[in-house]
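The structure under discussion appears below in the form of structure tokens.
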Amino acid sequence: MRILIFAPHADIWVHSFPEAVVADALRASGDEVLYVTCDRALSSFCIAMAARGLTPATPKRKRAAVCRACTAKRTLLRRGFRFEGYDFDSALGDTDDMEIDACLAELDSRAVGDFSIDGVAVGRATLYEYLIQHKQTDLEITAEAWPEVRARLANTLRSLAAARRILERERPDRVITYNSLYSVNAMWRAAAGKLGIPSYFLHAGSNLRHRLETMIVARDSPLAWSRDLIDAWPVHRDQPATAVELAAVGDHFESLFAGRSVFAYSAAAAQQPATVRERFGLAPDQKLCLATMSSYDEYVAAAAIGEMPAVGSALFPTQIDWIRTLAVWFASRPDLMLLIRVHPREFPNKREGTKSQHAAMLERALSELPANVKVNWPSDQLSIYDVAEHAAVVLNAWSSAGKEMALLGIPVVAYCPELLLYPADLHHVGTTREAYFSAIEVALAEGWSFERARLAFRWWVIELVRSVANISDGYSFDEVAPRTPLARLRRLPVVREALDLVQRTRALADGPRIAAAVHTGAQTLLPAPEHSTADALRIEQAAVREQLTRIGQMLYARSDTAIQVGTLRARLARLDI
């Protein structure tokens with residue numbers, strides 16, 4: 001097979017080197033690999049610059065320094081792996097830039113969202129990254145924002161022009177990019193689609209402990225991958241997980257609870273000296289219901305590019321509608337307390353320094369609430385897992401917190417299953433007002449469940465283990481900061497890259513599995529389910545119990561308070577199955 005790898009962001013070594021490892025594995029399977037890179041064509045601003053904390057307004061000399069570093073790493077990868085290929089900008093000429101400039105000169109900033117070329121939604125693809133970076137919840141581009149958007153749009157157009165020209169000329173059987181949601185990468189996916197060429201994306205796995213040792217290889221986009229796994233769930237949900245697979249899920253949660261990863265927004269668990277009940281004034285006879293909100297701009301950006309439904313829910317069109325309706329219902333239920341947890345991403349955090357547009361709306365909407373409705377703001381620095389210790393029920397919008405709470409055995413109620421990036425049957429679901437509040441009552445009566453935890457563990461195994469490739473024999477990188485002088489030395493630029501090239505395996509063990517999926521046009525790497533046996537179910541039950549016990553020990557290792565009856569901590573300390 002002839003496979004084209006579009007790899008313009010070599011400076012992000014934790015992405016570009018594993019990408020090259022996968023490309024090399026495909027070549028080892030007998031494929032012809034064409035490695036297409038960048039030589040300063042995106043110098044106005046690119047993802048590699050954003051990864052270093054730069055913006056389009058950063059002085060040109062600093063952006064140029066990233067281009068130099070990126071070009072050097074591109075050359076290192078091409079020579080180290082002996083890839084055949086060229087830079088995508090070699091397919092462009094002066095007339096292309098003149099046409100792009102003329103096109104942008106005529107474009108009204110207010111019309112960016114509607115801007116397309118031959119059916120390719122160039123404007124919306126460009127806005128995807130901008131909306132997320134600026135946490136914007138609408139598609140309106142102000143005059144002040146236009147220069148930045150214009151620079152991004154010029155790169156997207158440049159990438160599309162090159163993609164169309166190169167794909168017409170090379171006619172590959174497959175196109176592969178790293179994260180096809182990046183606008184310049186999305187253009188290659190779009191151009192390939194116009195020619196009927198299947199496209200694949202690569203992305204580091206979701207397991208925070210083993211993130212860079214695993215690789216998602218799937219069709220189309222990361223969001224499409226999640227939906228493909230959900231579609232496959234009905235034939236996999238009854239397959240027991242193995243002890244090794246379940247331990248890998250436990251590893252992920254151990255890293256999640258530590259709260260150090262930039263991909264974990266919640267504060268570290270069990271850090272608060274006061275209990276949640278005391279902090280929010282929860283009466284002894286009140287049950288706590290936790291409402292977990294989602295970051296709104298990510299949904300808006302995904303909906304803008306057609307990767308999520310344009311309308312989230314007919315029942316609650318916005319999360320504020322949902323919260324207001326909940327507040328009215330809970331006001332009539334003094335036996336309950338509702339704690340609204342605003343998503344930490346809405347405010348500046350360890351990963352982003354921007355406050356979202358939605359945050360200001362929430363501050364106004366949540367200013368006056370009934371006495372038994374409280375708000376957990378990100379500034380409280382309270383871990384969601386500390387709150388979960390006391391939660392009788394979790395009411396979830398579409399946050400990933402829902403699948404985490406289900407794994408802990410806590411009943412969860414959802415109102416918009418179409419927005420969940422995991423199976424809705426891990427939860428109680430109500431899509432009408434009557435069904436929704438009835439589901440809350442059922443969940444309150446049902447309480448904690450081992451079987452719910454077991455089912456959620458099976459989903460996490462699919463997401464973190466079975467649907468990803470293990471590339472640890474080709475690349476291994478611990479994202480925890482090095483502690484010794486030698487370890488710090490090994491992390492230095494040039495040293496680290498040279499070591500990776502020298503130490504990599506020449507035959508990736510999971511290479512044939514990756515190649516088979518790409519060759520056959522498979523949607524994901526998820527294998528067919530195996531036949532279930534009574535022994536496998538018994539082994540799984542013991543292993544789930546072991547991992548839940550492990551999770552309990554991790555969550556409450558630092559807590560010196562007495563275990564309270566009826567809490568999650570009490571459940572995990574004495575598993576009633």
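Everything numeric in this text was worked out from a predicted model, so none of it was measured. Residues: numbered from 1 along the sequence shown. Hydrogens, waters and symmetry mates are skipped; everything else that's a heavy atom, side chains included, is used.
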Between [X] and [Y], is any side-chain donor less than 3.5 angstrom from a side-chain acceptor?
{"X": "E19", "Y": "S16", "result": "no"}
{"X": "Q136", "Y": "D297", "result": "no"}
{"X": "T524", "Y": "S467", "result": "no"}

**ring-ring contact (aromatic ring centres under 6.0 Å, His included) partners for Y178, two or more places apart** = H15, H203
List in chain and number order the residues that pass side-chain contact (heavy atoms from CB on, under 4.5 Å) with [X], two or more places apart in sequence or in another chain; answer none if no residue qualifies.
{"X": "E245", "answer": "A241, T242, V461, V465, R466"}
{"X": "D31", "answer": "M1, I3, L26, S29, H519"}
{"X": "A151", "answer": "S44"}

Identify all side-chain donor-acceptor contacts of residues 493-500 below 3.5 Å with residues at least two apart in sequence or on another chain.
| from | atom 1 | to | atom 2 | distance (Å) |
| --- | --- | --- | --- | --- |
| E497 | OE1 | V494 | N | 3.2 |
| D500 | OD2 | W13 | NE1 | 2.8 |

According to the salt bridge (charged side-chain N to carboxylate O under 4.0 Å, His left out) rule, which pairs have a member within [range], sequence neighbours left out?
{"range": "residues 177-196", "answer": "R189-E307"}
{"range": "residues 141-153", "answer": "E129-R152, E148-R152"}
{"range": "residues 44-68", "answer": "D11-R52"}
{"range": "residues 84-95", "answer": "R74-D87, R78-D87"}

**Complete:** Residue set satisfying salt bridge (Lys or Arg N to Asp or Glu O under 4.0 Å) with R488, at least two apart, ordered chain then number -> none
**Asked** Side-chain contact, heavy-atom cut-off 4.5 Å: E463 with K403?
**Response** yes
**Message:** Going by ring pair (Phe, Tyr, Trp, His ring centres under 6.0 Å), name the pairs with one or both residues in residues 27-50, residues two or more places apart or in two chains.
**Reply:** Y35-F83
**Prompt:** Please walk me through it: do T292 and N396 pass side-chain hydrogen bond (donor to acceptor under 3.5 Å, both in side chains)?
**Reply:** CA-CA 5 Å; T292 49; N396 190 37; 2.6 Å; yes
**Request:** Report the C-alpha separation of S295 and E346 in whole Å, then their side-chain angles, then the decisive distance to 0.1 Å, and conclude whether the side-chain hydrogen bond (donor to acceptor under 3.5 Å, both in side chains) test is met.
**Result:** CA-CA 6 Å; S295 57; E346 299 280 18; 5.9 Å; no
**Item:** Result of checking L153, T95, L157, L160 against I100 for side-chain contact (heavy atoms from CB on, under 4.5 Å)
**Value:** L157
Output a table of donor-acceptor pairs, distance under 3.5 Å, between side-chain atoms of residues 116-124 and any protein atom two or more places apart or on a different chain; print 'none' if there are none.
| from | atom 1 | to | atom 2 | distance (Å) |
| --- | --- | --- | --- | --- |
| D118 | OD2 | R164 | NH2 | 2.5 |
| R124 | NE | G113 | O | 2.8 |
| R124 | NH1 | A304 | O | 3.2 |

